[in-house]
Amino acid sequence: MPIAEVFLGAFLQVLFDRLASRELLNFARRKGIDILLKKWEEMLVNINQVLDDAEDRQLNGDLGVNSWLKNLRDLAYDIEDLLDKFAIESVENNAEAKPDTSKVRSLLQSCCLRLSPRAFMFDHTMRSKMEEMDNRLKDIIAQKDGLHLRENNEKRSAYRQVDKPLHTTNLPEPCFVSREVEKKEILEILTKEENDRACVDPKVIPIVGMGGLGKTALAQQVYNDDRVTDYFDVKAWACVSDDFDMLAITKKILETTTSHLPCEGKDLDWLQEKLKEHLARKKFLVVLDDVWNENYGNWTILLKPFQWGAKGSKIIVTTRNFRIAKIARAEPYTLKPLSQDACMTLFTFHALGARNFDHHPDLEVLGMKIVDKCQGLPLAVKTLAGLLSFKVSPREWQGILNSKIWDLPQESNDILPALKLSYLHLPSNMRRCFAYCAIFPNDYEIERDELIHWWIAEGLLERKEGESHWDVGLTLFNELVSRSLLQELSSSESRFLMHDLVSESRFLMHDLVSDLAKLVAGPAYFSSRAFDFKGDQNNAFLARHASFISSPRIVQERFKIYHGMKGLRSFISLVKQPKYYGRSHLSKKVLCDLLSELKFLRVLSLCHYHIREVPDCIGKLRLLRYLNLSNSNIEKLPKSIVALYYLETLMLRGCRNLIELPEGMEKLMNLKFLDLTDTSSLKAMPLYIGTLVGLEMLSKFVVGMEIGSRLKELKNLKNLEGELCISNLHNIQEAGDATDANLCMKERICRLTMQWCKDFGNFRNEELEAKVLNFLCPHPKLENLTISYYGGLEFPSWLGSPSYVKMVHLRLHGCCRAKVLASLGQLSSLKELYIEGLNAIHTVGSEFYGTGSPFPSLMTLEFKYMPSWENWSHCFDNEEVGVLFPCLEHLIIRDCPILIGRLPSQLSSLKKLEINSCPLMDASSSIISLPSLNELNFRGCNEGVLKSLVNLTSLTALVMQDVLELTCLNYEFTNSLVKLEKLEMISCKKLMYLWQEGDIIRNLACLKSFVVKSCPEFISFSVEGDIELRSKLEIMDSRNCINLEKHPSMIYTLSSLQDLTIEECPKLVSFPKTGMLASVISLNIRDCKMLLSLPGGSSVHMDEPSSNNHSDTTYRLQNLKMYGCDSLSASSFSENRFLPATLKTLEIESCGGVESLAEILVDRLQSLKEIEIKSCTNLRSLPQGLDTLSHLTMMRLWECPALELECFPPLPPGISSFWLCECPKIKSLPNQLRRLTSLQTLIIDTCESITRFPNGGLPPQLEFLHVTGCENMKQPVREWLTPLTSLRDLWIDGSVGGVGEEEDLVLPLPSSLLHLNIRSMEKVERLSSSLPPSLRILWIRNCPKLRELPQDGLPPSLEHLWIWGCGILEERCRKGTGSYWPLIREIPEVQLGDYNSESIT
């Protein structure tokens, strides 16, 4: 059911606007083509008049009309491209006519195509293009007539006959699952008494969510619930749908609530009067299902009869549009997707008529994948399940899994019509913007600001006089969110609307909505997948907008499909999973080749790339409107970029190596958005940037001294909005420049940073800087202000002015000479205040608070690095103020070394308190009640402050560090910690005990985590000795406590303890004989040099099987790590003391006392998955029977020089990774290695006694093989390497198989190889082997004589070439001069030198 062309009406309107523009008409008259363009306009108008009928017929499956619409779309794109070229020619002609006042023409000539002065449109090529387009337009008209398309004659409903849904009823679904929480919440809202509510309007409850989410099903469940029936006097259900027919709706409700009242032929007045009479003084519930109406007037008329009902009356509205909730003045109830388990229950009910897969286990995995595809959408689950109803063939289920929603049988497909309605209800201009989202792959996090910029650049936004494109785009985006077509992923600072790509909101599109966007967009929009080299080859040439999923390194082949997209307008590189890798490597040659093919680009986004040089050919993209090179390594832009006359947006955020912008930037007269955020190396602005009066965003301005770079350049930039950082303010020589900047009139700037330099040398002028800051008074609408390194002695009066009613965030940073703070307490909306590095401040008091009630909204307050601050006064006129910070939740005081004053006494809202490195602060004589405090971080301070804190009944986390005089926690402080969950004691040098009284621990009933680190005097948890720990403790961590000899014995009997870590406790000798740590899951013991044994006792001896089995059933230990316990002997592991059957990971490292592990009874460790033994210098034997460990997948043996084995013991068949490193006395690998069919990784390093691989060779499925440092392995490489047909990663050096002894290196490399690492082959001069065609990474290291790469070259798949310690070859690969440079210049990353060398491509 294709619907790919339904936004063509909006597209044609763009062409009409272009054809009617004054500039184009003047140009056309001069060139004699005005008659032809007028003819085109008339033909397009003729076409536009039949579009409604064409789209209707397309939706009904008319293939001829569908083909006609596709041809029309392609022609419309080509005409727009041609008109844009006309515009470029017009600009060139105008520039040519004014040689003395404009350099645009010369720049266009030198940087672009170097055309002759005459207009290029009238050379032979362009004349042919115009003639071709004229003929295509005539063909479109002729085809239109042949299709007998009708002219538009009336407004169409968004519903088509083929899509019109059945009216819903109040009867519930037969299988309703997992909405019990939602149902309960809505029932509570329905039945809640509201005594304070007037009875004029009933309460409206909008249930909002995307189509198919189950809004109606939930409403049906609520409607039919007995509690609802009992609570309400009258109930009614009306399906509203697309046509908001008040007469029909009122009639339906009246017929439902009355019996035998004839309503046929009655008008609205009669119906509403009767409904009013029937509902009067009754408590009613009305459900209005599937509401689309956005007309407030219609809504108020419909509600008139309901105003006469009794208190408690309710109206439930189900809708996809959050705007409906606003019209109803109600809080929306947002419905979320169904859980995976609920979807599975629903699916099995409709597919198999059952509740599970017990009778069809072979279908369960397929069923789960089909349900995953639905992403919690019940309608999709039901539809796909219905298609499989009682079909039990896996092949049929696989077919449904692999199908697209639009490929499913139309008669059984309810998904597409349900979703399509949301699209068809969009205005035409919004449809194009929605379709643009087809470039995003499924599950992509959409950045709002980026998408709006792309819409602007593509000309998709229609604006009225006086409106900015940005505001129009923001409104349209919010509308898509309101209509549930986009879903907000994370909250953001919504007040900062402009261009903050770091903190802005991100949004997701449900996979099925994304599929709808792709269906709507058709082949004009292309979305790639990561590492997809092929894509949709058949239709790629039709693409006009394309995205590209980047990867760590990008080869030429990945761009191949884009070279065929000659008419491409958008090329957008997307980072699908940025957490897995940073920036992408791309060679300059490959990028230039691509850009040279894409001459019609309007949008080019290349973020997060290791691009150091932007190719000059970018200046040939003369239609480019949006260029994003953010987070790249560029140092400068090419001069040719100033030829991009139509460029509107230039994004350079995060380009920290950017030194300068090119000269001539002032010629980019259409530039509106210039993002220079986080460009720390940028030291100057291009001259005369103030002439770009259309700038709406200039995130950074670097003040210079010469004319054209001074601060007064900001004077005429009246449209600036969003974020502005003014740096290098110390360069101002005349205070009048600050006045000329005219900040006080720039009301749309919401985030402002004023920054001087860090150097406070003699060149700084205190008086001048004070005047400058005073004259830089911003507009009262400012919301966020940062002042850094200001050198004046005081702050201007405007900084604390109450007129800044929107100021919510203020940071004063590094203002070293300021002696007095401004009256910041008068900023009534201020929520966050950060004061840092104000070295000259001695007192904070009444001057800080101002008059009246200070800081009424402040939630976060930070004082940091205040070396001279002594006194914090809380008084006005010597009288203490009761409440200084009524809303304060987060207080940080850090690095204030001479601060003596105390905290404010009333901080009832405080939730988080951090006091760090304030050693003189002492409030022991005062009492500070903190009933709401959740977190307390107390570091480097006087213990007396702690004594002043009382009523800590809400505290859940306490961290104490460097409290020098603290010997133990006093009873008064700890007695109120009834909710404490986390306790950390760190570097308290005199701490000996936690508590004097052992029974205080009983108050800590909620304690889950206890950590004590680097407390050298810590002896015991209580003066009284052993203590009784509460049963909720989960984590116990003791580190670097050199006097700690034992833990409380009760710790070993706790049923809650899961994680126990003991590090650097040298006096710990043993664990208690009683108590078995039965609940612990992870045990880590490190550097306990005197430890003689592990926890455990005789109860686990193998000679007591019944006791054994019982004991193991109570164990939970899964991970055991032992490190640096030299006194621990092999007997600790004998007879499996504390090695229970639950163990999964065993790591033993640097335990010199362990000589044998042969006593471990491995037959009882059948859960063991990983074994790692490292640096056990005296180890002489391994456990026997390793091959019986059926779950063992990984074994690593490192640095065991005493371990002597003639033959390594057999390994289990399920092992997948085996490492053997630096074990010089092991003489052979396990026999029958070839039979280990699961082995994928084999690493053998520095094992001098191994001379060959076992008979039979290596398992053919091996994927990773590293063989290095085995100097006596002389077995020819071809014998063991050739059979490895699945090998992906090979590391090999010159000591193996004699491969480094010849001048020619010949390796039988398998075709599957992806990574080859060759090292330390001192005699090799030539790589004679052909490299595999799939090779991606080639590393060559320490081959000093190597001079030649393979004769047949390097494979095109190669992504990373690294040559280090190969002087001759490195020289031949030098950039520009080396003989191999033409061979390697397209490789994404080429390193010559050590780890720190940068790519030369």
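In this chain, residues are counted from 1 in sequence order.
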TODO: Verify, without hydrogens or angle tests, whether Y804 (side chain) and V808 (backbone) share a donor-acceptor contact under 3.5 angstrom.
DONE: no
Task: Atom pair CD1 (I841) and CD1 (I835), whose distance is rounded to the nearest 0.5 Å - done: 8.0 Å
Task: Donor-acceptor pair, side chain of S1056 and main chain of E1034, under 3.5 angstrom - done: no
- [ ] Just grab all the salt bridge (Lys or Arg N to Asp or Glu O under 4.0 Å) pairs involving residues 769-782, residues at least two apart or on different chains.
- [x] E747-K781, R764-E769
Open item on the list: Using 0.5 Å steps for rounding, measure from the CZ atom of R894 to the CE atom of M866.
Closed with: 14.0 Å
Task: I726 side, atom CD1; L752 side, atom CG - distance, nearest 0.5 Å - done: 5.5 Å
Task: Minimum-distance pair of heavy atoms, taken over all atoms of L799 and L785 - done: CD1-CD2, 3.6 Å
Task: Residue pair V820 / E847: nearest heavy atoms and the distance that separates them - done: CG1-CG, 3.5 Å
TODO: Take the angle between the ring planes of Y790 and F795 and call it parallel below 30°, perpendicular above 60°, tilted in between.
DONE: tilted
TODO: Could you list the residues that satisfy side chain to side chain contact (heavy atoms under 4.5 Å, CB included) with H874, not counting sequence neighbours?
DONE: Y849, W872, E880, L884, R902, P904
Open item on the list: Can you give me the closest heavy-atom contact between C896 and W869, atom names plus distance?
Closed with: SG-CE3, 3.6 Å
TODO: Under the side chain to side chain contact (heavy atoms under 4.5 Å, CB included) rule, collect the residues that match up with S823, sequence neighbours excluded.
DONE: Q826
Task: Short side-chain to backbone donor-acceptor contact, W798 and S803, under 3.5 Å - done: no
Task: Aromatic ring proximity, centroids under 6.0 angstrom, H813 and Y834 - done: no
